[in-house]
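Note that ligands are numbered from 1 as they come in the structure, with each ligand's atoms numbered from 1 the same way.
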Amino acid sequence: MREAYLYKKLSGKKHAPHRDEISGAGVQCQNCAHYCVILPGKRGICGVRENVDGKLYALNYGKAIAVNIDPIEKKPFFHFLPGSYSLSIATVGCNFKCLSCQNHDISQMPQLTGKIEGQEISPEEIVKIALKNNLPSISYTYTEPTIFLEYALDTMKLAKKAGLKNNFVSNGFMTEESAKLVIPYLNANNIDIKSFSEDFYRESCGAKLQPVLNTAKLMKKSGVWVEITTLVIPTLSDSEKMFKDIATFIKEELGAETPWHISQFSGSISWKLQHLPDTPVETLEMAWKIGKETGLKYVYTGNIPGLPSEDTFCPKCQTLVIDRTNYIIHRYDKNGKCPKCSANLNLILK
Ligand code: SF4
């Protein structure tokens with residue numbers, strides 16, 4: 001448990017109407033765009049931050065529920081250290097309640113059971129594991145890194161000092177304060193844009209779209225390498241208009257070189273959408289086509305190994321430069337350039 005880095009103490013009955021009956025005052029968490037007001041003895045929406053006698057604590061600090069070595073393509077990052085492996089860590093908890101969540105056993109554990117499980121591993125130990133295994137990066141992933149910001153940030157600082165890269169796989173629901181805290185240590189961020197509809201974010205995730213778009217723009221503006229992922233859910237997030245809106249946002253606000261991953265949804269592994277079918281390949285292909293027609297240089301389909309739309313082609317002469325099949329990578333680029341026409345392929349190689 002660690003005192004939260006971003007919160008403020010509140011005073012007055014407006015924020016703590018029952019404070020005469022309880023000890024201490026309310027606090028407001030500044031970590032994510034929910035800005036939870038939390039009374040003493042209570043936790044925020046993520047279930048891992050608790051007001052203890054007027055101070056906010058991250059209960060999940062140093063408690064890793066997952067520590068794995070994954071291909072970076074699994075995150076997915078296709079242009080950041082391609083073909084490398086990354087030490088991937090998470091704690092329990094999440095600030096979203098996505099019906100489609102595939103990691104709900106750990107993301108929703110605190111809210112559903114009150115438990116905050118995890119193996120005690122310090123930031124120093126995490127960095128040691130990465131170095132011992134010759135891994136070039138650490139990924140903060142599986143659940144939402146914003147809700148384990150203190151643990152991630154302390155690890156990121158040590159990792160950067162040791163010459164490692166840091167990346168977030170995030171829903172982007174950060175505040176400007178939390179984004180600015182991690183940006184100096186963050187090299188890459190894969191951000192979900194799950195839909196382009198505030199209704200979808202409210203009804204299917206318990207959140208809002210606009211803060212996600214703000215975070216994506218801030219990360220890009222600050223020099224963090226950004227890739228975007230959209231999980232395409234039949235009937236909920238699969239319209240032509242939505243694909244066009246997301247592709248246009250990426251092109252106009254983040255740049256045509258920003259990779260867009262369009263992933264297949266699988267009902268059987270979702271939290272609460274088992275009744276929905278898997279995304280048809282034709283829908284992903286339609287989204288891919290819309291992305292390309294909008295002018296994005298790198299559009300990829302995900303979760304269906306073997307499709308040519310998993311590969312990278314030179315945006316100028318269409319030469320195959322990276323072949324991918326289920327995390328097996330063959331690179332044909334020359335130090336990030338097309339071997340045929342020398343065009344820049346927007347690869348972060350070190
Ligand atoms: S991280 Fe977000 S959800 Fe959790 S307590 Fe803070 S504002 Fe609330």
Is the charged tip of R324 near the ring of Y300: under 6.0 Å from the six-membered ring centre and within 45° of its axis?
yes
Do the two ring centres, one from F78 and one from Y298, sit under 6.0 Å apart?
no
Atoms of ligand 1 close to I45 [distance to a heavy atom under 4.0 angstrom, numbered from 1]:
3 (S), 8 (Fe)
Against heavy atoms of R49, which atoms of ligand 1 measure under 4.0 Å?
1 (S), 4 (Fe), 5 (S), 6 (Fe)
Smallest heavy-atom separation, I72 atom then S137 atom, equals CD1-OG, 3.9 Å
If you count the atoms of ligand 1 from 1 in the order shown, which ones are under 4.0 Å from a heavy atom of C29?
1 (S), 5 (S), 6 (Fe), 7 (S)
In terms of side-chain geometry, is the basic nitrogen of E240 or K244 positioned less than 4.0 Å from the acidic oxygen of its partner?
no
Among C32, C94, C36, the residue with a heavy atom nearest to atom 2 (Fe) of ligand 1 is C32
Restricting to N/O/S atoms, is C46 within less than 2.8 Å of atom 4 (Fe) of ligand 1 or not?
yes
Is the shortest distance from a Lys or Arg side-chain nitrogen in E125 or K132 to a carboxylate oxygen in the other one below 4.0 Å?
no
Distance filter under 4.0 Å to G44 heavy atoms, resulting ligand 1 atoms:
5 (S)
